[in-house]
Amino acid sequence: MSSRENILAKIKAIPREDSPLPEIPSFEFPMDHKAAFILSIQANKGEVITESELKDFIAINRFEKILNLAKGMESLSTQPLPSDAHELNELEVAIIQGEFGVAENGAIWLTDENLGLRALPFITEHLVIVLEEKALVSNMHEAYQRIGAQHSGFGLFIAGPSKTADIEQSLVIGAHGAKSLRVVLK
């Protein structure tokens with residue numbers, strides 16, 4: 001018997017007692033979900049805006065390369081979704097639909113169905129996520145319960161624009177992705 005087999009045999013011989021899983025307490029967020037979500041997004045250097053404020057943002061900045069994948073805002077798009085993510089390299093604004101948002105930390109769940117291309121929220125200069133107000137959950141416990149029921153091959157939480165404080169201990173926004181995050185709550 002090899003050393004490895006000997007060690008594994010000894011581990012398997014250790015008696016184990018079955019123990020029940022711990023009870024997960026309810027972590028209901030004390031604030032109104034919408035108000036808490038807005039505060040969390042702002043704390044993450046993002047902004048919650050209306051649809052008309054989004055249109056003003058686009059018009060004032062004269063953005064020309066806009067890709068929209070959100071429902072009901074098709075008129076804002078100036079280009080279709082390409083088949084190759086390399087064609088997104090000069091994208092100014094990406095507008096995507098969020099699955100749900102988390103009140104306690106401002107995280108928004110996105111899946112392949114929302115993104116079109118996985119690089120989209122990272123390669124765009126400005127990211128806009130459209131989110132239904134009724135799709136807000138209280139905390140990450142509720143969020144993970146919702147995710148558990150989904151059948152997506154890819155998903156991620158986004159809670160603000162790209163930021164890092166590694167560069168000479170100064171906060172830098174947009175170092176590794178979008179320079180801004182705007183959320184349109186409907």
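Excluded from the calculations below are hydrogen atoms, water molecules and symmetry mates; all remaining heavy atoms, backbone and side chain alike, are included.
I129 and L54 are members of different hydrophobic clusters when ILVMFWY side chains are connected at heavy-atom separations under 4.5 Å. One hydrophobic cluster, built from ILVMFWY side chains closer than 4.5 Å, holds both L117 and L115. Taken together through direct or relayed side-chain contacts under 4.5 Å among Ile, Leu, Val, Met, Phe, Trp and Tyr, I158 and I41 form part of one hydrophobic cluster. Neither I123 nor I66 shares a network with the other; the hydrophobic side chains, linked directly or stepwise wherever heavy atoms of I, L, V, M, F, W or Y lie under 4.5 Å apart, form separate groups for each. Taking hydrophobic clusters as Ile, Leu, Val, Met, Phe, Trp and Tyr residues chained together by side-chain heavy-atom distances below 4.5 Å, L110 shares a cluster with F37.
Annotation: side chain of F157 is in contact with side chain of M140 (closest heavy-atom distance under 4.5 Å). Proximity of V48 to R182: side-chain heavy atoms (C-beta onward) are nowhere separated by under 4.5 Å. In this structure the side chain of M73 reaches within 4.5 angstrom of the side chain of V130, judged on heavy atoms. F100 has its side chain out of reach of E132: every pair of non-hydrogen atoms, C-beta onward, lies at least 4.5 Å apart. The closest side-chain heavy-atom distance from E47 to V183 is not below 4.5 Å. Between L120 and N114 the shortest side-chain heavy-atom distance does not fall below 4.5 Å. Taking the side chain as every heavy atom from C-beta outward, K45 and P161 approach each other to under 4.5 Å. Counting heavy atoms from C-beta on, the side chains of K10 and I7 never come closer than 4.5 Å.
Taking CG of L69 as the reference point, atom NZ of K71 lies at 11.5 Å (rounded to 0.5 Å). A distance of 13.0 Å separates CG in N105 from CG in L39, rounded to the nearest 0.5 Å. Here the CD1-CG distance, from I49 to D56, works out to 9.0 Å after rounding to the nearest 0.5 Å.
The aromatic rings of F63 and H126 lie tilted to each other, with the angle between the two planes from 30° to 60°.
With N139 contributing its side chain and H141 its backbone, the two residues share a donor-acceptor pair below 3.5 Å. Panel note: side chain S40, backbone A103; a donor-acceptor pair is recorded below 3.5 Å. In this structure a side-chain-to-backbone donor-acceptor pair under 3.5 Å is present from E53 to T50.
Every residue was checked against the ring pair (Phe, Tyr, Trp, His ring centres under 6.0 Å) condition with F122, not counting sequence neighbours, and none meets it. Evaluation of the salt bridge (Lys or Arg N to Asp or Glu O under 4.0 Å) rule for E133 yields K34 as partners, not counting sequence neighbours.
Summarising the local packing, CD of E64 is surrounded by 12 or fewer heavy atoms from other residues, nucleotides or ligands at distances under 6.0 Å.
Side-chain atoms of H86 and D84 form a donor-acceptor pair, as typed in the model, at a separation below 3.5 Å. No side-chain donor from either of N68 and E74 sits under 3.5 Å from a side-chain acceptor of the other. When only modelled atom types and interatomic distance are considered, N6 and S3 share no side-chain donor-acceptor pair under 3.5 Å.
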(request) Apply side chain to side chain contact (heavy atoms under 4.5 Å, CB included) to S138 and H33, showing your working. (result) CA-CA 6 Å; S138 180; H33 288 153; 3.2 Å; yes
(request) Decide yes or no on side chain to side chain contact (heavy atoms under 4.5 Å, CB included) for L76 and K55, but give the supporting numbers first. (result) CA-CA 8 Å; L76 297 176; K55 290 176 182 176; 3.8 Å; yes
(message) Test side chain to side chain contact (heavy atoms under 4.5 Å, CB included) on L136 and L131; report intermediate values, then the result.
(response) CA-CA 8 Å; L136 295 176; L131 190 62; 3.9 Å; yes
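For the pair E51 and K186, the salt-bridge criterion is met [side-chain N within less than 4.0 Å of a carboxylate O]. For E92 and K65, the salt-bridge test fails: no basic side-chain N is under 4.0 Å from an acidic carboxylate O.
The only option from V128, T124, L127, L67 that meets the side-chain contact (heavy atoms from CB on, under 4.5 Å) definition with I95 turns out to be V128.
The minimum heavy-atom distance between A107 and A159, with the atom names listed, is CA-CB, 3.8 Å.
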